[in-house]
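Please read these numbers as outputs of a predicted model, since none were measured by experiment. Here, residue 1 is the first one in the sequence, and each next residue gets the next number.
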Amino acid sequence: MRRLVFSFAALLALAAPFVASAQAGLPAPSEDFRSSDDHPLPPPRPWAQLSADEKDILAPLAKEWDTFPPQRQSRMLDKAQRWRGLPPERRAEIRDRIAHWQQMTPEERAQARRNQQKFNDLSPEQRQKLHDAFERFRTLSPEQRRALVDQWRNQTPEQRRQALDHLGPNDALPPPPPPHDR
């Protein structure tokens with residue numbers, strides 16, 4: 001035990017000069033909330049100081065708003081400005097997605113981020129194929145979707161791998177809907 005304490009103390013003593021020099025190189029926090037590219041940022045705005053319109057738009061963030069750093073508050077207020085120009089259907093869709101995100105557990109959010117990263121890592125062709133397959137899946141009736149999901153869940157991991165390895169572009173999903181007449 002003494003040896004462990006001594007080793008730890010020696011490690012701290014050796015690391016101290018590096019920590020001190022690293023801290024000396026850090027810029028001091030600025031009083032006027034300047035960002036790294038030297039553009040002034042607005043000071044933090046408490047939730048109580050937001051306009052009624054801003055509160056309405058940012059309502060899903062109300063509980064956490066006062067804990068956000070000024071940079072994040074500024075970004076959110078910029079997004080609220082863009083929000084005003086969106087059609088009502090798009091607003092409703094985004095509001096639902098925000099509410100869903102807020103209800104997710106930290107593990108679910110982390111998984112969603114990993115899945116998004118996997119999607120971003122695909123080639124453009126792979127992304128398009130995946131997008132097309134998803135759109136075809138969305139056009140299925142609820143009964144067809146359930147049957148397809150049940151079929152997938154009832155397969156062993158090996159059967160799933162084989163199905164994916166031998167899957168053609170239109171296998172397992174119905175053909176895409178016919179194009180709309182123009």
Side-chain angles (χ1 to χ4, degrees), residues 4 7-8 11 15 22 35-37 47 50 54-182:
L4 179 63
S7 298
F8 186 68
L11 181 62
S35 67
S36 60
D37 57 359
W47 182 258
L50 298 181
E54 289 170 332
K55 285 180 181 178
D56 180 53
I57 292 170
L58 299 168
L61 306 172
K63 290 180 182 176
E64 298 99 3
W65 181 262
D66 289 333
T67 66
F68 291 163
Q71 296 88 345
R72 185 164 183 201
Q73 287 183 356
S74 180
R75 270 197 327 268
M76 292 296 138
L77 289 167
D78 287 345
K79 289 178 182 182
Q81 284 289 80
R82 282 184 275 159
W83 173 271
R84 289 183 182 104
L86 295 175
E89 317 75 62
R90 183 72 177 126
R91 285 186 187 189
E93 180 184 318
I94 292 172
R95 196 178 294 267
D96 290 345
R97 290 172 70 186
I98 291 171
H100 178 71
W101 183 263
Q102 294 287 330
Q103 293 171 357
M104 292 170 73
T105 65
E107 294 81 22
E108 291 171 328
R109 290 180 190 184
Q111 183 62 45
R113 287 184 186 105
R114 285 191 298 271
N115 288 343
Q116 180 65 43
Q117 187 57 52
K118 285 180 186 178
F119 182 79
N120 291 339
D121 291 343
L122 295 174
S123 71
E125 296 81 24
Q126 290 171 318
R127 276 194 295 251
Q128 187 61 48
K129 283 182 183 179
L130 186 59
H131 176 75
D132 293 345
F134 179 73
E135 288 302 317
R136 288 195 310 274
F137 183 80
R138 283 182 38 176
T139 63
L140 296 175
S141 69
E143 296 81 25
Q144 289 173 312
R145 268 190 251 156
R146 269 194 298 278
L148 193 57
V149 169
D150 289 342
Q151 177 187 351
W152 180 258
R153 286 183 178 154
N154 291 330
Q155 292 179 341
T156 66
E158 181 59 33
Q159 288 172 321
R160 290 178 188 167
R161 260 190 303 283
Q162 286 179 356
L164 289 174
D165 289 344
H166 299 96
L167 194 63
N170 294 314
D171 293 345
L173 289 175
H180 299 295
D181 292 339
R182 293 175 195 192

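- By the 4.5 Å heavy-atom criterion applied to side chains, Leu61 and Gln102 are counted as neighbours.
- Residues Pro124 and Arg127 meet the side-chain proximity criterion, which asks for heavy atoms closer than 4.5 Å.
- Annotation: side-chain hydrogen bond (donor to acceptor under 3.5 Å, both in side chains) contacts involving residues 111-120, sequence neighbours excluded, comprise Gln111-Arg114, Gln111-Asn115, Gln116-Asn120, Gln117-Asp121.
- The structure places CD of Gln73 at 8.5 Å from OG1 of Thr67, a figure rounded to the nearest 0.5 Å.
- Between Leu140 and Arg136, every side-chain heavy-atom pair lies at or beyond the 4.5 Å cut-off.
- Rounding to the nearest 0.5 Å gives a distance of 12.5 Å between CD1 of Ile98 and CD of Gln103.
- Once rounded to the nearest 0.5 Å, the distance linking CG of Leu130 with CD of Gln128 reads 9.5 Å.
- Contact detail for Gln155 and Gln159: the closest heavy-atom pair is CA-OE1, 3.2 Å.
- Evaluation of the ring-ring contact (aromatic ring centres under 6.0 Å, His included) test over residues 66-110, restricted to residues two or more places apart or in two chains, returns Trp65-Phe68.
- The two residues Met76 and Leu58 have their closest heavy-atom pair at O-CD2, 3.9 Å.
- Under the rule for a salt bridge (Lys or Arg N to Asp or Glu O under 4.0 Å), Glu108 has no partner lying at least two apart in sequence or in another chain.
- Scanning both residues, Arg91 and Gly85, for their nearest heavy atoms gives NH2-N, 4.4 Å.
- Of the inter-residue distances, the one linking Arg82 atom CZ with Leu86 atom CG reads 9.0 Å to the nearest 0.5 angstrom.
- Atoms OG1 and CZ, on Thr139 and Arg145 in that order, are 8.0 Å from each other to the nearest 0.5 Å.
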